[in-house]
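Just below is one structure, and these are the notes that go with it.
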Amino acid sequence: GAVVSQHPSRVICKSGTSVKIECRSLDFQATTMFWYRQFPKKSLMLMATSNEGSKATYEQGVEKDKFLINHASLTLSTLTVTSAHPEDSSFYICSARDLELANTGELFFGEGSRLTVL
Amino acid sequence: QKEVEQNSGPLSVPEGAIASLNCTYSDRGSQSFFWYRQYSGKSPELIMFIYSNGDKEDGRFTAQLNKASQYVSLLIRDSQPSDSATYLCAVNGRTGNQFYFGTGTSLTVIP
C-alpha cells in the first residue's frame, strides 16, 4: 500500500516557539492531504484540507494564522504550529489520497506527531 | 450537530463472538464510508470501505450500509484478542474532498 511518512514523530518545545511537522507521500502523488488533530481517547478532528499549489481549506474554529499549512509539491505538505502554547499539545496526524486510487477514496495516514508544549 | 456519530463504548465481547459496531452520519449526500482501526498511540489503518447499499464482506469483516437510514455498521466475526482496538467510522463528505471521523468505539475482545 501507499506510504505516508510524517516527521518528527515526537517533539517537545517551549511555549512561544514554532514547530513544523512534515508529511510526505513516499511512493505516490497526493494533490490533497488532510491534517487531523487527536486528543487522548478522542477521535480525529479534521483541521484543514491541504491542496497542492493553493491555499489550505480550514475547518471552522481552526485558526489559520496559528496552524500554517503549506503544500508546495505533490508529495509534501507541512503544518507549522506558530507561537505554540501548552493547549496546542496534541497528536497531529496527516493523511493523503493516492490519485490513482481516487475511486476508492482511501486515506493513507502518516505515523503521527506528538507535540508537547512546555 | 456532529457529522459522524458512534457509540464510544467500551464494547466487550468474548473471543470467538461477533462484534457489532455502528455509525450514523448526518450528510445525506455523503458518498463513501470507511472503517479504520486504531491502536493506542498509532495512526488509523483501513479495514474496509463501502459505497453501495447492502453488505460487503472481507474475511472476518462485513460492512453494511443503509443510505436511507444514514447508517453504516461493521461486523467482526470470530473476534480475536488482537482485534481489541478503537474502531473509527469515516465518511467522505458531499464534496468528495473532506473526510470526517466519528468518535470511535473502543472494542475489547476477552480471551
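A note on names: the letters A, B, ... follow the listed sequences, proteins ahead of strands, and every chain is numbered from 1.
Between E57(B) and R77(B) a salt bridge is recorded (basic side-chain N to carboxylate O distance below 4.0 Å).
For R24(A), the salt bridge (Lys or Arg N to Asp or Glu O under 4.0 Å) criterion is met by E22(A), not counting sequence neighbours.
Looking at Q6(B), there are no atoms closer than 4.5 Å to chain A (heavy atoms on both sides), in backbone or side chain. For L44(A), the parts sitting under 4.5 Å from any heavy atom of chain B are the backbone and the side chain alike. Residue Q6(A): no heavy atom, backbone or side chain, is found under 4.5 Å from chain B.
Cluster partners of L79(A) are V11(A), V19(A), I21(A), W35(A), M45(A), M47(A), Y58(A), V62(A), F67(A), I69(A), V81(A), Y92(A), L115(A), V117(A), counting Ile, Leu, Val, Met, Phe, Trp and Tyr whose side-chain heavy atoms approach within less than 4.5 Å, directly or via other members.
Cation-pi contact between K67(B) and F33(B): absent, since separation from the ring centre below 6.0 Å together with deviation from the ring axis within 45° is not met.
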